[in-house]
Amino acid sequence: MRTSTFFIATQKEVPAEAEIVSHRLMLRAGLIRRLSAGIYTWLPLGVRVLRKVERIVREEMNRAGALELVMPVVQPAELWQESGRWQAYGPELLRFRDRHERDFVIQPTSEEVVTDLARSELKSYRRLPVHFYQIQTKLRDERRPRFGVMRGREFVMKDGYSFHADYADLEREYRNMHDTYTRIFTRLGLRFRAVAADTGAIGGTGSHEFHVLAESGEDAIAFCPQSDYAANVELAEALAPKAARKPPLEERKKVQTPGKTKCEDVAAFLHIPVQRTVKAVAVVRTSIPYESIGSFVLLLLRGDHELNEIKTQKVIGAFRFASEAEVEERLRCRAGYIGPVDISATIAVYADRTVAQMSDFVCGANEPGYHLTGVNWGRDLRDDPANVADLRNAVAGDPSPDGKGVLEIVRGIEVGHIFQLRTKYSTAMKATFLDAAGAERPFEMGCYGIGVTRVVAAAIEQNHDERGIVFPPPVAPFEVCVVPIGYHKSPAVREAAEGLYRELQENGVDVLLEDREERPGVLFADMDLIGIPHRVVLSERGLAAGNAEYKGRRDDKPSDLPLASAVSSLLKKLA
RNA sequence: CGGGGCGUAGCGCAGCCUGGUAGCGUACCUGCAUGGGGUGCAGGUGGUCGCGAGUUCAAAUCUCGCCGCCCCGACCA
């Protein structure tokens with residue numbers, strides 16, 4: 001391909017609409033253009049990247065034994081009513097009527113259609129297992145689309161659905177897909193992590209998310225560098241330090257802390273680390289009457305820790321935060337100075353595991369303007385905390401739940417998700433087959449998604465510098481660019497460039513010849529911006545010495561490349 | 001959906017408060033020069049000022065309504 005006849009649509013200035021790096025660079029490099037909120041045109045350069053991602057995904061899915069098909073984007077409402085998702089999905093499901101006033105949806109995923117297909121085609125266990133997948137446009141009417149194609153409304157997804165005669169076979173395919181996804185993201189050249197995810201109402205162990213690691217990711221992941229352990233921070237078990245609780249050393253004292261209601265402020269005021277403080281969060285159980293004993297609950301957390309509402313709900317049941325009036329009524333103290341010492345026995349106290357290990361800590365005195373220091377279990381509080389549980393988000397430095405090291409926290413972008421659906425859809429839609437004994441049974445199902453358009457954004461989010469995109473070679477729109485200086489003036493340069501271009505093409509290299517009549521600075525800037533991994537510069541000066549010049553996109557400086565062996569050494573770099 | 005902000009040339013912006021019929025940079029076109037990191041000079045093309053009403057002799061500017069877009073939050077996964 002030649003830049004003179006290709007569509008290079010780079011922009012010097014950053015469009016005001018874009019906030020995050022990948023979105024800005026995709027607009028500036030001319031990969032996409034916005035048409036409407038969350039809806040984008042993919043320009044020729046962007047399509048090249050998209051196709052490379054798709055190709056790797058397709059090759060690996062095929063290798064794993066999955067079969068590609070294409071299901072309709074427009075789907076009749078009846079199937080969605082049958083599965084229950086017509087009611088359950090909410091406004092993210094785009095619905096419309098045709099001229100006959102019949103309801104349709106634009107698919108956000110295709111469980112219904114594929115399950116419908118399975119129940120009419122897979123009547124016997126002899127046809128199982130089967131794994132169908134497609135790579136195709138999806139639509140989710142996001143409440144707030146943002147970050148360009150990272151969270152768009154219309155996007156391309158690879159969605160696969162597998163059907164099995166029993167759970168053991170579903171588990172086998174699930175592992176197969178876990179391996180396949182690992183191969184896919186490795187081949188794409190991305191740094192990623194498979195993360196245990198919430199299985200929600202369906203339960204079981206069967207859900208993993210694949211995250212591309214990037215500072216700007218929307219999700220926080222806790223992982224253990226010494227092992228395979230990785231989980232969404234909200235789900236990761238937070239363990240207390242292994243060391244036993246130290247005996248009390250300090251006397252309990254009441255100290256003035258005027259105006260200091262936050263743990264950080266109290267700690268700074270008392271010149272102690274915030275890790276020595278304990279905060280009390282007052283909540284009210286909604287599962288029992290407000291008047292009942294134990295309906296009012298104090299949750300104790302170390303001052304720098306964060307309450308995890310999902311975990312807490314699993315421990316104490318449904319709850320809401322107590323209002324300021326309720327706090328005053330129950331503790332006769334205003335929020336900010338409340339604590340667990342000498343409170344009514346009708347109030348339940350739950351301590352996070354870490355708090356249960358603390359000694360000589362600081363907490364509210366239940367008197368406005370005062371905190372207590374040197375507070376200890378057994379002496380100032382009930383012997384030991386009666387209720388100890390995991391109530392907080394995991395933080396960096398926590399012991400790994402698998403006991404093999406210490407957790408680190410990184411941010412990630414979810415680009416893949418594998419899930420054991422079990423019989424949710426097959427039961428709802430009466431999708432059954434006959435087993436070997438002639439009995440009718442619902443399919444065990446799995447589903448597996450990769451956000452293809454999001455992979456492109458995530459790859460850029462993870463790989464860029466001040467000059468632009470640094471594409472991982474497997475997804476770069478072109479592998480090599482040949483940049484002749486003086487192409488339109490020097491016959492020697494032109495001849496060498498054309499020769500190199502032709503020879504690389506003949507060797508199957510995806511090469512871009514930069515033959516526009518622009519100043520060298522413009523050419524360099526554009527090639528850097530669009531992130532071509534390998535650059536070869538040809539000039540009269542270099543040719544006189546028999547040299548071309550090579551520079552990798554991440555290199556600081558170019559190096560000489562003897563023209564005679566240029567092709568072979570480039571092929572070596574590409575291998 | 002709640003809060004905030006913005007709609008003026010492909011892109012980035014000024015002009016609006018104080019009404020007089022639109023400007024800067026960049027991009028684009030032409031010419032000359034230049035030719036190793038977004039070059040210089042000169043000349044040019046391009047805008048129903050988001051849409052609709054109203055006030056006024058006169059509206060990008062004031063008033064009302066609508067639409068679109070962005071950010072934060074909530075929601076969703």
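Remember, predicted model here, so these are calculated numbers, not experimental data. Convention: sequence-line order gives letters A, B, ...; per-chain numbering from 1.
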Measure from the side-chain heavy atoms of [X] and tell me the nearest of [options].
X        : options             : answer
A:Glu142 : B:C72, B:C69, B:C76 : B:C76
A:Glu92  : B:G38, B:C76, B:C71 : B:C76
A:Asp526 : B:C70, B:C76, B:G38 : B:G38
A:Ile485 : B:G36, B:C71, B:G38 : B:G36

Quote, to the nearest angstrom, the [atom1] distance that separates [N] from [M].
N     : M     : atom1 : answer
B:G5  : B:C75 : P     : 24 Å
B:G43 : B:A60 : C1'   : 29 Å
B:C69 : B:A53 : C1'   : 23 Å

[X]: side-chain contact (heavy atoms from CB on, under 4.5 Å) partners, not counting sequence neighbours:
X        : result
A:Cys263 : A:Val274, A:Thr277, A:Lys279
A:His178 : A:Thr182, A:Ala194, A:His208, A:Phe210, A:Ile418
A:Arg146 : A:Arg144, A:Arg151, A:Glu218
A:Glu154 : A:Ile39, A:Thr137, A:Leu139

So, using ring pair (Phe, Tyr, Trp, His ring centres under 6.0 Å) as the criterion, who are the partners of [X] when residues are at least two apart?
X        : value
A:His464 : none
A:Tyr550 : A:His534
A:Tyr448 : A:His131
A:Phe155 : none

Take nucleotides 5-15 of chain B nucleotide by nucleotide from the 5' end and write B, S or -, depending on whether a protein heavy atom sits under 4.0 Å from the base, only from the sugar-phosphate, or from neither.
------BSS--
I need the residues from residues 487-499 of chain A with at least one non-hydrogen atom less than 4.0 Å from RNA chain B; give them sorted by number, or say none.
A:Lys489
I need the residues from residues 513-521 of chain A with at least one non-hydrogen atom less than 4.0 Å from RNA chain B; give them sorted by number, or say none.
A:Glu518, A:Arg519, A:Pro520, A:Gly521
Flag the pair A:Asp465 and A:Arg554 as a salt bridge only when some basic side-chain nitrogen lies within less than 4.0 angstrom of an acidic carboxylate oxygen.
no
Nearest whole angstrom, please: distance from the [atom2] of [N] to the [atom1] of [X].
X        : N     : atom1 : atom2 : result
A:Glu414 : B:A77 : CD    : C1'   : 7 Å
A:Arg153 : B:A77 : CZ    : P     : 19 Å
A:Lys424 : B:A77 : NZ    : C1'   : 12 Å
A:Asp219 : B:C76 : CG    : C1'   : 12 Å
A:Ile39  : B:G68 : CD1   : P     : 12 Å
A:Leu529 : B:G37 : CG    : P     : 18 Å
A:Glu19  : B:C72 : CD    : P     : 6 Å
A:Ile20  : B:C70 : CD1   : P     : 13 Å

Scan A:Gln136, A:Gln134, A:His417 and name whichever one has a side chain to side chain donor-acceptor pair (under 3.5 Å) with A:Asp159.
A:Gln134
When the nearest nucleotide of RNA chain B is assigned to A:Pro145 and to A:Arg467 on a heavy-atom basis, which residue is associated with the more 5' position?
A:Arg467
Which is more 5' along RNA chain B, the nucleotide nearest A:Pro558 or the one nearest A:Ser36? Just name the residue.
A:Pro558
Six-ring centre of A:Phe524, A:Arg535 cation under 6.0 angstrom, axis tolerance 45°:
yes
Could one point to a donor on the side chain of A:Arg535 or the base of B:G37 with an acceptor on the other under 3.5 Å away?
yes
Donor-acceptor pairs under 3.5 Å, side chain of residues 476-487 of chain A to any protein atom, not counting sequence neighbours: which ones?
{"unit_1": "A:Glu479", "atom_1": "OE1", "unit_2": "A:Asp510", "atom_2": "N", "d": "2.8"}
{"unit_1": "A:Tyr487", "atom_1": "OH", "unit_2": "A:Glu498", "atom_2": "OE2", "d": "2.4"}

